[in-house]
Amino acid sequence: MTIDAILLIIMGALFAGAVYMVMERTLTRIMLGLVMFTNGANLLIIIMAGPAGWPPIVRDSVSADEYADPLPQALTLTSIVISFATTSFLLAMIYRSWVLARRDEVSVDVEDVKVAEQPTYDAEDDAELREEESEFIDDDQDPNMAYDAPSAESGSTTTGDDRSCSSM
């Protein structure tokens, strides 16, 4: 096995562990999952950078192919700074939760459960059509006319597919 394959397996394990940890209900495990996720992302960036090379300082004896690309290093450093800030914020939240409630578990919100249990509502399908009361529009120009007018054959309301295109 090459070093890249081993690093890819480690990266995959970090991502899998991170997803598992983030799905938990305790803030400590969520924080550890985010740390694992950022470490996996940093490892991915370093793996994608390719082999190591000379520092990007111009020298006469070094060809352009032998220099290391500084962009992955800059991205990794930026990722480390952002993950440090995120970890600090989560640690502050965990500490505050522990001081207030002596636990760091995220409780289930009753209102969120009620909203999740409601049947789906589609504003377009469930909205009632109201009568157009404008005196400036004719019945053939009414956008709701195709939905309101009963058909001659069945007595039911027609759909938008049944209307004629005589006005075009």
Side-chain angles (χ1 to χ4, degrees), residues 1-130 143-144 146-147 157-162:
M1 239 183 194
T2 64
I3 293 176
D4 287 340
I6 293 171
L7 289 176
L8 286 172
I9 291 171
I10 292 171
M11 182 198 60
L14 282 172
F15 279 134
V19 168
Y20 177 75
M21 295 290 270
V22 168
M23 301 296 273
E24 294 290 326
R25 306 241 0 129
T26 60
L27 289 174
T28 306
R29 290 186 180 171
I30 291 171
M31 183 201 62
L32 292 174
L34 287 177
V35 168
M36 289 174 63
F37 186 76
T38 55
N39 286 333
N42 290 341
L43 192 57
L44 174 66
I45 293 171
I46 294 299
I47 291 170
M48 297 304 296
W54 289 94
I57 300 172
V58 178
R59 296 184 183 137
D60 293 334
S61 62
V62 179
S63 68
D65 298 345
E66 296 177 21
Y67 288 119
D69 187 11
L71 182 64
Q73 296 169 8
L75 289 174
T76 303
L77 184 61
T78 305
S79 174
I80 290 169
V81 170
I82 292 171
S83 69
F84 178 73
T86 305
T87 303
S88 300
F89 178 71
L90 283 173
L91 279 173
M93 282 180 47
I94 292 168
Y95 176 73
R96 186 69 176 160
S97 174
W98 184 258
V99 167
L100 291 177
R102 291 289 180 207
R103 61 188 178 132
D104 70 340
E105 186 175 343
V106 179
S107 60
V108 177
D109 189 15
V110 178
E111 293 298 322
D112 287 343
V113 172
K114 287 179 184 177
V115 170
E117 289 175 349
Q118 289 179 350
T120 59
Y121 174 78
D122 188 7
E124 186 176 321
D125 291 341
D126 297 338
E128 294 182 21
L129 297 174
R130 57 190 166 107
N144 295 331
Y147 298 103
T157 59
T158 61
T159 62
D161 298 335
D162 296 340

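The model shown is predicted, which means the values in this text are computed figures rather than measured ones. The first residue in the sequence is number 1, and the count goes up from there.
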TODO: Decide yes or no for Leu7 and Met11: does some side-chain heavy atom of the first lie under 4.5 Å from some side-chain heavy atom of the second?
DONE: no

Task: Spatial distance of atom CD1 (Ile94) from atom CZ (Arg103) [nearest 0.5 Å] - done: 14.0 Å

Open item on the list: As a test of understanding, state which of Ile45, Leu44, Ile46 forms a side-chain contact (heavy atoms from CB on, under 4.5 Å) with Met48.
Closed with: Leu44

- [ ] Taking the side chain as every heavy atom from C-beta outward, state whether Leu43 and Asn39 have any atom pair closer than 4.5 Å.
- [x] no

Open item on the list: Would you say CZ of Arg96 has more than 12 non-hydrogen atoms from neighbouring residues, nucleotides or ligands within 6.0 angstrom?
Closed with: no

Open item on the list: For the CE atom of Met31 and the OG1 atom of Thr26, what is their distance to the nearest 0.5 Å?
Closed with: 9.5 Å

- [ ] Can you see which heavy atom on Ala18 is nearest to which on Phe37, and at what distance?
- [x] CB-N, 3.5 Å

Open item on the list: How long is the straight-line distance from CD1 of Ile9 back to CG of Asp4, given to the nearest 0.5 Å?
Closed with: 11.5 Å

Task: Under 3.5 Å donor-acceptor, Ser97 side chain and Met93 backbone - done: no

Task: Tyr67 atom OH, over 12 foreign heavy atoms within 6.0 Å - done: yes

Open item on the list: Once rounded to the nearest 0.5 Å, what's the spacing between atom CD1 of Ile30 and atom CG of Leu90?
Closed with: 8.0 Å

Task: Euclidean distance, Leu32 CG relative to Leu27 CG, rounded to 0.5 Å - done: 11.0 Å

TODO: For the pair Thr87 (side chain) and Ser83 (backbone), establish whether a donor and an acceptor sit closer than 3.5 Å, ignoring hydrogens and angles.
DONE: yes

- [ ] Find the distance between CZ (Arg29) and CE (Met36) and round it off to the nearest 0.5 Å.
- [x] 12.0 Å

